[in-house]
Amino acid sequence: MTDASGAPPIHARGLVKEYGDVTAVAGVDLTVEAGDVYGYLGPNGAGKTTVLRMLLGLIRPTAGTARLFGRDPLLEGARALQGVAGFVEAPRFYPYMSGRRNLELLAALDGDGAAGRIDEALDIVEMTARQGHKVGGYSHGMRQRLGVAAALLRDPRLLLLDEPATGLDPAGMRDMRALVARLSSEGTTVLLSSHLMPEVEELCNRVAIVRTGRIVYEGDVESLRARAGGHWRLRTTDDVRAQQVLREQRGVSAVAGVPGTASAPSSLRFEADEAAIAALSIALVDAGAPPVELSPVRATLEDVFFTLTEDEPAVDGGLPATADPVPA
Amino acid sequence: MPRLRTVYAWELRKLLAQKRTFLGLGIAVLVPVVFAVALLVQQGQPEDVAFGRYVRQSGLAIPPVLLIFGSIWLFPLIAALVAGDIVAAEDNNGTLKTILTRSTDRSRIFVAKALAASTYAAVALALMGAVALVAGVAVSGFNPLVTLSGTTVSASKGLELIAFSLLVYMMPLLGIVAIALLLSVLTHNSAAAVVGALMISLILQLVTILPGLGALQPYLLTTQFNAWQGFLRTPIDYAPVVRAAWVCALYAVPCVAVAFTSFVRRDVTGG
Ligand SMILES: Nc1ncnc2c1ncn2[C@@H]1O[C@H](COP(=O)(O)OP(=O)(O)O)[C@@H](O)[C@H]1O
Ligand SMILES: [Mg+2]
């Protein structure tokens, strides 16, 4: 999947984009290897779209370089996009022409047999029935599908998708994700920007988490999951006594009461190794506060995401260096 | 990369799929028809415009009258209507990013757009000329034409001269196309580009009536809208035609060059 020169699908170094005094992207290094489904994850305004625009050659970086399969879109223009397809923000089409006519136009601008792939692309995104209708009457979801079809016309080796599931209904989201998974299994490298951790968790093998134009974490999703950690949840017949036991028990830390809510009764939380749990349950029974519920609660990647993107100041080695933290 | 003619053909197809295209062409057809109908139902003729006196003697006098009338704002408007829109509209509805992420270089897309806008202006002019001729001949006959020198040329010779006149008229019209195209690229706003190009054309005409600026007149773009009249003199006066060629180039070439450079380099952030 890598071209003859062995250059990776995406290789960006020191990308900076300033709009007046707004720094949209503040020095991003990004390498996407062949076969990756790479999640570029960050909250709104983190600079995801701006990075994708630079990769596609739509805007000029203030500093830094971007290369796709070793080619710089600034220097080589459309040639740098050979084998590359995708869109930034919502895909846009000519509203006064039909969906099919739009694809015919884009296929003409692609050359290289793209016109022969129109039927198949429409079929894949399930737009065959609506292909004759003017795009002006399409819903957001249909335009999104047409955007994917337009990308598929290029038979891409690298697909750049900017929050492709945004604004879709649940079925549309499911189809979009299934399609990305399928394209990836067929060998397409994907860079997917998203503000939804579950989406990235489901689809991606690698992730960069961005915040105000900077990458605050970069690594594979497994490592991220491993560092997420977790805690235990405990309910007993006598939580006051149980809390006492927890504080005295070896191997247990971070004990805290969790007030009840409408949907869950009050409980206790603590952190402990699994090895300490057996001894703990015996101690609870001995103390006259037998457990009613004792269960591990895994931290979600969402929690990690919020920690990384919301804490003040920028998380600079704020996490144990088990994976490959990016020097900020 | 796809060939220029392919990209150009698609620019034309896009124009054909839009209503605004037919607005301009419709006006180009309607104006001569209305003029001919007015001649039929009204007495008299336009006396204070060149050739106006002869519109009842020869149908060939009608295209020249409309060329003179159309140079004030009609043809600049028709040309600007498409040229001012052709880049800005794509900026606004976000399709610029769509077409600029395919396999066609920006430079080729720009050239195709410039050619399409020019083609549109040419078609509108040719259409107006043809309809004016047909309507004129239908109303006043295919008769010899009295030239600006007072001489009379045969009807077939007159037809030939009018054809050349239309070609020469195209030069300043392309100048307007270039200005509108530049504004279209720079403003990202279709309405601003169309109105802006029209304003520039009107202001250039205004300059000539300001005291002390009369000397500028031969070098103004809008003055070249009269260059074709050299053909309707005996002997034919080529001087204004030659001057129109380089004066129009002087306006059009820098505009197109700046528009091209900007289009090729600029950030596409719309959509
Ligand atoms: N064309 C622009 N002009 C000025 N500021 C911009 C422009 N595009 C983006 N920005 C700013 O850059 C930042 C990043 O934007 P963007 O890349 O769209 O973020 P994301 O896609 O992650 O939501 C935001 O603060 C945004 O306001
Ligand atoms: Mg975005």
Side-chain angles (χ1 to χ4, degrees), chain A residues 17-19 24 49-50 52-62 73-74 76-98 101-115 134-136 143 146-147 150-151 153-154 156 160 162, chain B residues 1-23 82 85-113 115-116 185 188 190 260-271:
Chain A
K17 183 65 187 181
E18 289 165 359
Y19 292 109
T49 299
T50 305
L52 289 188
R53 279 189 204 278
M54 287 190 273
L55 292 175
L56 287 167
L58 287 171
I59 60 177
R60 306 189 151 246
T62 307
L74 283 192
E76 305 197 36
R79 218 150 59 86
L81 297 184
Q82 229 169 57
V84 180
F87 51 80
V88 289
E89 295 188 328
R92 298 300 180 103
F93 297 95
Y94 300 99
Y96 47 80
M97 300 197 297
S98 72
R101 193 86 170 139
N102 269 280
L103 292 191
E104 284 168 359
L105 187 164
L106 297 178
L109 297 182
D110 288 333
D112 202 21
K134 290 222 166 94
V135 170
R143 284 171 209 223
L146 195 63
L153 292 184
R154 295 174 64 73
L160 305 175
D162 191 15
Chain B
M1 203 190 331
R3 290 142 60 110
L4 176 59
R5 55 173 300 176
T6 309
V7 185
Y8 167 69
W10 273 101
E11 284 299 327
L12 293 184
R13 287 185 195 124
K14 276 191 259 180
L15 287 183
L16 288 175
Q18 294 177 79
K19 290 198 189 78
R20 77 157 47 221
T21 309
F22 297 97
L23 188 65
V82 162
D85 187 65
I86 203 158
V87 173
E90 300 226 24
D91 239 318
N92 266 316
N93 65 21
T95 45
L96 213 44
K97 73 177 183 196
T98 307
I99 56 173
L100 293 183
T101 48
R102 313 305 293 193
S103 295
T104 307
D105 277 332
R106 289 189 186 199
S107 53
R108 191 157 291 185
I109 289 189
F110 179 86
V111 173
K113 282 187 174 296
L115 288 178
V185 172
H188 303 203
S190 171
F260 177 85
T261 315
S262 168
F263 184 80
V264 167
R265 293 183 51 92
R266 62 177 255 222
D267 283 357
V268 175
T269 53

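This structure is a prediction, so every number in the text was calculated from the model and none was measured. Here is the naming used below: chain letters follow the sequence lines, and residue numbers restart at 1 for every chain.
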Item to check | Arg79(A) side chain reached by Met1(B) side chain, heavy atoms, under 4.5 Å | outcome: no
Next on the checklist: Looking only at heavy atoms and a cut-off of under 4.5 Å, which of Ala151(A), Ala108(A), Ala80(A), Ala107(A) has the most pairs with chain B?
Outcome noted: Ala108(A)
Next on the checklist: Does any backbone or side-chain atom of Lys19(B) lie under 4.5 Å from a heavy atom of chain A? Answer side chain, backbone, both or neither.
Outcome noted: neither
Checklist entry - Looking only at heavy atoms, which two atoms of Tyr96(A) and Lys14(B) are closest? And how far apart? => result CE1-O, 3.6 Å
Item to check | Contacting moiety of Tyr94(A), where chain B heavy atoms sit under 4.5 Å | outcome: both
Checklist entry - Rounded to the nearest 0.5 Å, how far apart are OG1 of Thr98(B) and CZ of Phe93(A)? => result 6.0 Å
Item to check | Smallest separation among heavy atoms of Arg154(A) and Ser103(B), with atom names | outcome: NH1-OG, 3.0 Å
Checklist entry - Please walk me through it: do Arg102(B) and Leu81(A) pass side-chain contact (heavy atoms from CB on, under 4.5 Å)? => result CA-CA 7 Å; Arg102(B) 313 305 293 193; Leu81(A) 297 184; over 6 Å; no
Checklist entry - Measuring heavy-atom distances to chain B, does Glu104(A) have an atom under 4.5 Å in its side chain, in its backbone, in both, or in neither? => result both
Checklist entry - Quick one: what part of Ala114(A) sits under 4.5 Å from any heavy atom of chain B, side chain, backbone, both or neither? => result neither
Checklist entry - Is it the side chain or the backbone of Pro73(A) that comes within 4.5 Å of chain B heavy atoms, both, or neither? => result neither
Next on the checklist: On a heavy-atom basis, which atom in Asp105(B) and which in Ala78(A) lie closest, and how many Å separate them?
Outcome noted: OD1-N, 2.7 Å
Checklist entry - Heavy-atom distance under 4.5 Å to chain A: side chain of Arg265(B), backbone, both or neither? => result both
Next on the checklist: Does Asn93(B) have more than 12 heavy atoms from other residues, nucleotides or ligands lying within 6.0 Å of its CG?
Outcome noted: yes
Item to check | Lys134(A) versus chain B, the contacting section by heavy-atom distance below 4.5 Å | outcome: neither
Next on the checklist: What verdict does the side-chain contact (heavy atoms from CB on, under 4.5 Å) test give for Asp267(B) and Leu58(A), after you've listed the backbone C-alpha separation in whole Å, the side-chain angles of each residue and the deciding distance to 0.1 Å?
Outcome noted: CA-CA 6 Å; Asp267(B) 283 357; Leu58(A) 287 171; over 6 Å; no
Next on the checklist: Heavy-atom pairs under 4.5 Å with chain A: which of Thr101(B), Leu96(B), Ile109(B) has the most?
Outcome noted: Thr101(B)
Checklist outcome for this item: Of Ala17(B), Ser107(B), Ala89(B), the largest count of non-hydrogen pairs under 4.5 angstrom with chain A goes to Ala17(B)
Checklist entry - Should the heavy atoms of other residues, nucleotides or ligands under 6.0 Å from CZ of Arg60(A) be counted, would the total exceed 12? => result yes
Checklist entry - Is it the backbone or the side chain of Thr269(B) that comes under 4.5 Å from a heavy atom of chain A, or both, or neither? => result both
Checklist entry - If every non-hydrogen atom of Pro2(B) is compared with every non-hydrogen atom of Leu109(A), which pair is closest and at what distance? => result CG-O, 3.1 Å
Item to check | Verdict with supporting geometry, Arg13(B) and Leu105(A), side-chain contact (heavy atoms from CB on, under 4.5 Å) | outcome: CA-CA 9 Å; Arg13(B) 287 185 195 124; Leu105(A) 187 164; over 6 Å; no
